[in-house]
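Because the structure is predicted, anything quoted here is derived from the model rather than measured. Each ligand, and each atom within it, is numbered from 1 in the order the structure gives.
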Amino acid sequence: MSSSTSSPGFDGRAFIGGERVGAKSGKTFDCVSPVDGSVLTQVAQCEAADVDAAVAAARVAFEDRRWAGKSPAQRKKVMHKFADLLLSKADELALTETMDMGKPVQYAKVVDVNATANCIRWYGEAVDKIYDEIAPTPDTALALITREPVGVVGVIVPWNYPMIMAAWKIAPALAAGNSVVLKPSEKSPLSALRLADIAMEAGIPAGVFNVVTGTGPEAGSPLALHMDVDAIGFTGSTRVGKQIHVMAGQSNLKRAWTELGGKSPNIVFADCPDLDVAVQKSVGSIFFNQGESCNAPSRLFVEKSIKEAFIEKALALVPNFQPADPRQKGTVMGAIVDNIQMSSVMRYIESGKSEGAKLVAGGEAVQPVAGGYYVQPTIFDGVKNNMTIAREEIFGPVLSVLSFEDAADAVRQANDNDYGLQAAVWTRDINKAHGVARALRAGTVHVNQYDEDDITVPFGGFKQSGVGRDKSLHAFDKYTETKTTWIRIDSPI
Ligand code: NAD
């Protein structure tokens, strides 16, 4: 709790039953901007009682079918309006994201706002084009296989892409007719609240989309443990994701879907089609979003014969990624989300040094804006796959460079990790590309590129990178129940 001044520009109250409300306890917490350490506003510190109120509002809205009862075409129309309104407020939303979590405003607008609107539009557009099924049964019966909304969906998301992560879940959940209670990260709650305001303006009825703000233990756990929540969509760390599955099992066996961490291997063979492109994409992808991306290619495996040349080219690009004020138009590297995350990144950098990796670029915290949290783009060479910086997700602008002898060695090292979110292979040999892509244990494998992404393809991980997939039509599986209806046919013929 704090008595710091609030900016009139941001409203940190929760959104429950179609209204902005404070926490029942009256408690708030400071929303601190990583850009300069200033307090942006006070945010409602929701707890179990607030979660209960939000779930109750969502339940009533679901049961009276004010949204689920609309035809798919009607829901589609509202979702399109929702997307249009988001785009019309792109500047405001982008600046909110920048001030709240530190990313460069140019990307907040072009990437985050656009992807959020596109996601909402895409699921809205899809929902009146999906047909149910009739099973191939004998003539004496008809079996209909239909999809129904699961009911009340809890959504818990992290801070690195606050709007996009929320959209990947709320869009299919809402399009399918569910009611939603969203808990954004306490580190970046503001854009989620604006999503709810804008959804309501678009015509999503009160109670259908609620947002509770607060910490994980105080607001997230009550949602994951709630007996009246039918499914939970979680994106965040593997540590908390495991707890989500436990909480689902401890309560009502709600469907639990988790999109978790990554330590993605990026394998560059000496015969890659274009070394300059491989270097640009590898460096650009690890430093994008300050390295705070679940799918960042943080373990770079370069074939021995080209490693020196690769490092030299990579080092030449590092000056392009120096952190600067994210509000400025040309900035490519912004602020780390908060002091806690920055300290964690710095501890990993220290562990890299102490375990014997060679720091070849960066490694320091800097302050291009007084009071803010910034880390230089950092590269370690000579990393071994058993070092902490190669095993654990750093979630900051730190690249670990390793090397390998041949394809088998590359795949063995790449797969030797608890995570399995994404991976990449660079080679002009089509057999090697296919063989390695097939052998990599990851939800997405890139060949001769890294940053391709689209709402049309599933996103999620093998192993401890989570359970289930966001995006694409597959995401509907998470927020719908499959029902079989048998109808006896006593044919008069
Ligand atoms: P986090 O796990 O600390 O927090 C995520 C969310 O869970 C937050 O809203 C937090 O308040 C909540 N939470 C924390 N403790 C909780 C508890 N006990 N009960 C219920 N909720 C709780 O993760 P983070 O630091 O916000 O985000 C970074 C992580 O997210 C990284 O591991 C990253 O890889 C992962 N991530 C994964 C994907 C993906 O699609 N796979 C995408 C983005 C981020």
Side-chain angles (χ1 to χ4, degrees), residues 29 43 45-48 51 100-101 103 112 115 119 154-169 181-189 191-192 211-226 229 232-248 250-251 254 256-264 288-298 336-338 340-345 348 392-396 417-422 442-444 453 457-472 475 478:
F29 62 91
V43 174
Q45 193 171 327
C46 294
E47 297 168 341
V51 172
D100 208 6
M101 70 70 66
K103 68 177 64 198
D112 295 66
C119 177
V155 171
I156 301 177
V157 291
W159 46 263
N160 61 333
Y161 294 92
M163 273 190 295
I164 298 179
M165 292 301 103
W168 285 2
K169 299 177 197 310
V181 178
L182 165 65
K183 196 210 80 69
S185 170
E186 58 275 34
K187 299 182 190 219
S188 61
S191 58
V211 180
V212 288
T213 45
T215 66
E218 287 177 341
S221 292
L223 190 59
L225 282 166
H226 208 289
V229 169
I232 191 114
F234 175 86
T235 298
S237 63
T238 294
R239 181 184 65 80
V240 178
K242 289 179 181 181
Q243 294 173 25
I244 296 292
H245 287 286
V246 171
M247 288 188 266
Q250 272 174 344
S251 53
K254 57 178 66 62
W257 307 106
T258 50
E259 298 287 341
L260 309 177
K263 193 74 193 174
S264 299
F288 186 71
N289 212 44
Q290 301 72 244
E292 299 163 325
S293 299
C294 52
N295 61 336
S298 51
I336 301 292
V337 71
D338 67 1
I340 298 170
Q341 183 64 14
M342 187 177 76
S343 303
S344 166
V345 173
Y348 277 113
E392 297 183 13
E393 185 181 44
I394 300 174
F395 228 53
N417 193 275
D418 290 339
Y419 296 112
L421 191 57
Q422 298 208 344
T444 299
D453 191 24
V457 296
F459 189 105
F462 284 25
K463 302 196 278 184
Q464 294 189 34
S465 287
V467 175
R469 296 290 183 269
D470 276 336
K471 301 169 60 189
S472 80
K478 306 201 288 190

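- Minimum heavy-atom separation, Y419 to S465: CB-OG, 3.5 Å.
- Partners of S185 by side-chain contact (heavy atoms from CB on, under 4.5 Å), not counting sequence neighbours, listed by chain and number: W159, K187, S188.
- Partners of P189 according to the side-chain contact (heavy atoms from CB on, under 4.5 Å) rule, which considers only residues two or more places apart in sequence or in another chain, are C31, V43, D100, P184, T213.
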message = Under the criterion side chain to side chain contact (heavy atoms under 4.5 Å, CB included), I'd like the reasoning laid out for V181 against L223: C-alpha separation, chi angles, the key distance, then a yes or no.
response = CA-CA 8 Å; V181 178; L223 190 59; 3.8 Å; yes
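- Between K463 and D418, the shortest heavy-atom distance links the atoms CB-O, 3.3 Å.
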Scan the side chains in residues 257-264 for donor-acceptor partners under 3.5 Å anywhere in the protein, sequence neighbours excluded, and list what turns up.
| unit_1 | atom_1 | unit_2 | atom_2 | d |
| --- | --- | --- | --- | --- |
| W257 | NE1 | K478 | O | 3.1 |
| T258 | OG1 | H245 | NE2 | 2.9 |
| T258 | OG1 | V467 | N | 3.1 |
| E259 | OE2 | D470 | N | 3.0 |
| K263 | NZ | I389 | O | 2.9 |
| K263 | NZ | E392 | O | 2.8 |
| S264 | OG | Q422 | N | 3.3 |
| S264 | OG | Q422 | O | 3.1 |

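- When heavy-atom distances to ligand 1 are checked against 4.0 Å, the residues falling inside are I156, V157, P158, W159, N160, M165, K183, P184, S185, E186, G216, G220, S221, F234, T235, G236, S237, V240, Q243, I244, M247, E259, L260, G261, C294, E393, F395, L421, F459, ordered by chain and number.
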